[in-house]
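Have a look at the structure below, then the notes.
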2 protein chains.
Amino acid sequence: MTNIILSKSEENYLKSIYNLSDSGNKIVTTNSISKILNIEPASVTDMIKKLSKKKLIYHEKYKGTKISKNGIIVALQIIRRHRLWEVFLYEKLNFNWDEIHEVAEELEHVSSDQLIDNLDKYLKYPKIDPHGDPIPNKLGEVDFVDKISISDLKIKEKGIVSRIVNEDEGFFNLLNKLKIEIGTEVTILDKIDYDGSLDVLINNKSVIISKEIAENIKITKI
Amino acid sequence: MTNIILSKSEENYLKSIYNLSDSGNKIVTTNSISKILNIEPASVTDMIKKLSKKKLIYHEKYKGTKISKNGIIVALQIIRRHRLWEVFLYEKLNFNWDEIHEVAEELEHVSSDQLIDNLDKYLKYPKIDPHGDPIPNKLGEVDFVDKISISDLKIKEKGIVSRIVNEDEGFFNLLNKLKIEIGTEVTILDKIDYDGSLDVLINNKSVIISKEIAENIKITKI
DNA sequence: AATTATTTTTAGATAAACCTAAATTAAGGC
DNA sequence: GCCTTAATTTAGGTTTATCTAAAAATAATT
Ligand SMILES: [Mn+2]
Ligand SMILES: [Mn+2]
Ligand SMILES: [Mn+2]
Ligand SMILES: [Mn+2]
């Protein structure tokens with residue numbers, strides 16, 4: 001396992017490619033990477049060539065990019081670092097839910113194995129980060145993740161909020177307002193045909209949430 | 001207080017210039033910066049121009065570099081971050097004395113005020129780092145620091161080790177072997193005229209240490 | 001004071017990571 | 001299947017941070 005050293009940019013690209021790939025299964029387009037990283041497609045093409053040369057991804061001109069076996073391993077370590085730092089910021093430094101991502105985005109690039117292993121131990125080997133995302137272990141093993149959203153539930157079905165997919169500010173504010181967090185119980189009261197909105201019982205109160213929001217909140221069915 | 005954003009490189013240069021300047025008093029040479037950062041003098045000259053334009057240092061061609069008032073403030077914040085991370089690594093993550101510097105050298109560049117303020121609070125506002133170096137507060141205020149070395153003591157005089165100046169590996173190994181740490185009591189038994197070596201009582205044992213080593217261990221006279 | 005040595009700066013190059021504009025390829029609509 | 005549109009790549013350029021080689025300034029030595 002020759003420890004490849006990547007630049008901060010390379011790491012950000014590889015992580016994004018992994019995140020867009022649905023655990024390495026889907027082919028990722030140049031434009032999707034461009035949008036997520038806010039970098040022009042031409043620059044993305046340059047980096048794709050670079051990561052291809054390092055065998056972290058496969059690329060066929062004009063067709064798309066697939067992350068390699070090795071690329072997945074490397075990406076999972078970056079994600080591991082990111083999520084462990086999120087736990088640290090949230091639990092030890094009392095950051096809010098919506099403040100941790102940005103700082104973790106920087107901390108994840110400090111690549112010392114000793115640092116991450118000791119941090120992991122110090123945090124008592126957490127399995128999920130504050131958004132409910134699973135933390136890969138040292139070997140890159142990741143727990144199964146709920147893929148059912150609130151929007152997948154039928155009327156009268158119940159679930160426990162297990163994961164928040166969307167990470168932007170407005171979304172977090174809404175969740176705070178609705179007092180939705182990991183572990184909150186939700187029950188579908190009604191579905192509104194017109195626009196797909198849902199009437200949901202949260203903390204004993206009926207609230208209407210849009211379909212889009214419901215799709216971004218993953219749950220465990222109960 | 002317009003919050004200037006500096007690159008990692010600029011931060012490393014500015015910190016080195018401050019460290020070489022004896023708290024901002026001495027003029028710093030291009031070559032000394034070059035040596036400490038392991039970067040060619042020609043490159044140092046380039047960066048000096050850049051930092052001058054930002055008014056963080058003053059520079060007179062061929063004469064030398066002086067850090068500005070503002071430069072000192074900025075440098076102290078970088079040093080604050082570095083030392084707080086060292087405390088964290090040492091106290092919370094169980095790093096050894098000699099392992100913290102390198103990692104802190106990276107962590108110090110993650111510049112989030114909230115991160116550092118909360119870390120400071122979490123660590124209970126430490127006054128010194130694990131090497132005995134004072135941690136500047138948020139306003140850039142620094143405690144007085146011992147400037148007397150073991151080598152400055154006369155025969156029969158005693159001191160408490162308060163600060164370790166040298167940060168390289170071999171030196172740390174020696175200190176570990178001699179069981180010298182912050183707080184260790186030392187008594188001068190004899191001075192050897194020939195090469196300036198010292199016979200010192202440490203942990204109830206007489207040991208001979210070279211003049212160079214003695215100069216790198218600062219103490220509080222008792 | 002002249003000469004030599006050292007330090008510092010300038011000049012010119014390179015690699016990384018971005019950009020814009022233009023060219024190329026693939027996809028979608030009819 | 002052709003044509004327009006969208007996606008992607010290529011070409012050429014910029015900025016940052018580095019380098020080497022050579023020139024210029026200062027310091028040290030005789
Ligand atoms: Mn990042
Ligand atoms: Mn997260
Ligand atoms: Mn540093
Ligand atoms: Mn230190």
Side-chain angles (χ1 to χ4, degrees), chain A residues 4-22 26-67 71 74-75 78 105-106 108-111, chain B residues 4-18 20-21 26-67 71 74-75 78 105-106 108-111:
Chain A
I4 324 138
I5 287 160
L6 298 182
S7 70
K8 187 173 162 177
S9 274
E10 290 171 323
E11 287 191 346
N12 282 333
Y13 273 94
L14 191 65
K15 189 171 60 126
S16 295
I17 292 167
Y18 176 81
N19 284 150
L20 288 165
S21 78
D22 189 25
K26 276 195 221 150
I27 281 172
V28 174
T29 66
T30 300
N31 263 359
S32 66
I33 301 169
S34 160
K35 265 166 216 150
I36 245 185
L37 290 174
N38 242 295
I39 290 169
E40 292 301 317
S43 309
V44 174
T45 300
D46 283 351
M47 185 57 91
I48 283 172
K49 284 180 187 159
K50 225 177 142 195
L51 294 174
S52 293
K53 202 173 287 166
K54 297 190 179 184
K55 309 264 188 198
L56 294 164
I57 58 176
Y58 306 119
H59 181 240
E60 262 193 276
K61 254 197 215 170
Y62 293 101
K63 293 286 177 64
T65 296
K66 197 170 181 312
I67 192 162
V74 175
I78 304 165
E105 201 55 55
E106 296 304 311
E108 69 186 358
H109 304 294
V110 178
S111 63
Chain B
I4 323 138
I5 288 159
L6 299 181
S7 71
K8 187 173 163 175
S9 275
E10 289 171 322
E11 287 191 345
N12 282 333
Y13 274 93
L14 191 65
K15 189 170 59 124
S16 296
I17 292 168
Y18 176 81
L20 288 166
S21 78
K26 274 196 224 151
I27 281 172
V28 174
T29 66
T30 300
N31 263 359
S32 66
I33 301 169
S34 161
K35 266 165 215 147
I36 245 187
L37 290 174
N38 241 296
I39 291 170
E40 293 301 318
S43 311
V44 174
T45 300
D46 283 350
M47 185 57 90
I48 283 173
K49 283 179 187 161
K50 224 177 143 196
L51 294 175
S52 293
K53 202 173 287 168
K54 296 191 180 186
K55 309 265 188 197
L56 295 164
I57 58 176
Y58 306 118
H59 180 243
E60 260 193 279
K61 256 199 212 169
Y62 293 102
K63 293 286 177 62
T65 295
K66 195 169 182 312
I67 192 162
V74 176
I78 304 164
E105 200 56 54
E106 294 305 310
E108 69 186 358
H109 303 292
V110 178
S111 63

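What you see is a predicted model; the values in this text were computed from it and never measured. Below, read A as the first sequence line, B as the second, and so on, with proteins coming before strands; counting in each chain starts at 1.
- Residue B:Y13 has no polar side-chain atom (N or O) positioned under 4.0 Å from OP1 or OP2 of D:dT16.
- Here the straight-line distance linking atom CD1 of B:I33 with atom CG of B:N38 works out to 13.5 Å at 0.5 Å rounding.
- A salt bridge links B:E108 with B:K15: the distance from a Lys NZ or Arg NE/NH1/NH2 to an Asp or Glu carboxylate oxygen falls below 4.0 Å.
- The CG-C1' distance, from A:L37 to C:dC19, rounds to 15 Å in whole Å.
- Residue B:K53 contributes atom NZ, which lies 12 Å from atom C1' of D:dT15 at whole-angstrom precision.
- Here the C1' atom of nucleotide D:dA27 and the OH atom of B:Y62 are 14 Å apart, to the nearest Å.
- Contact of the B:S16 side chain with the B:I36 side chain is registered, since non-hydrogen atoms from C-beta on lie closer than 4.5 Å.
- Rounding to whole angstrom units, CD of residue A:E40 and P of C:dA21 are separated by 10 Å.
- Per the geometry, NZ belonging to B:K61 stands 10 Å off C1' belonging to D:dA24, to the nearest Å.
- A heavy-atom distance below 4.5 Å is not found between the side chains of A:D46 and A:I48.
- Between B:T45 and C:dT10, a side-chain N or O to OP1/OP2 separation shorter than 4.0 Å is absent.
- Nearest-nucleotide positions on DNA chain C place B:E60 closer to the 5' end than the other of B:E60 and A:D46.
- Between A:S7 and the phosphate of C:dA16, there is no side-chain N or O to OP1/OP2 separation shorter than 4.0 Å.
- Side chain of B:S43, nearest nucleotide from C:dC19, D:dC19, C:dT25: D:dC19.
- Look at B:N31 and you won't find any side-chain N or O under 4.0 angstrom from OP1 or OP2 of C:dT6.
- Proximity of A:S9 to the phosphate of C:dC18: a side-chain N or O atom is located under 4.0 Å from OP1 or OP2.
- No side-chain heavy atom of B:H109 sits under 4.5 Å from any side-chain heavy atom of A:E106.
- Among C:dT8, C:dC19, D:dT26, the nucleotide with an atom closest to any side-chain atom of A:I39 is C:dC19.
- For A:I57 and D:dT8, the CD1 to P distance is 13 Å, given to the nearest whole Å.
- Mapped onto DNA chain C by nearest heavy atom, B:H59 and A:A42 fall at different nucleotides, with B:H59 at the one closer to the 5' end.
- In this structure, A:K8 does not reach the C:dA16 phosphate: none of its side-chain N or O atoms is under 4.0 Å from OP1 or OP2.
- Not one side-chain nitrogen or oxygen of B:T29 sits closer than 4.0 Å to the OP1 or OP2 atom of C:dT7.
- Of all heavy-atom pairs spanning B:S34 and B:I39, the tightest one is OG-O, 2.7 Å.
- Checking the phosphate oxygens (OP1, OP2) of D:dA7, no side-chain nitrogen or oxygen of A:T30 falls inside 4.0 Å.
- For the pair B:I33 CD1 and C:dT7 P, the interatomic distance rounds to 14 Å; values are reported in whole Å.
- Summarising the geometry, the separation between CE on B:M47 and C1' on D:dT18 is reported as 10 Å, rounded to the nearest angstrom.
- Residue A:K49 has no polar side-chain atom (N or O) positioned under 4.0 Å from OP1 or OP2 of D:dT9.
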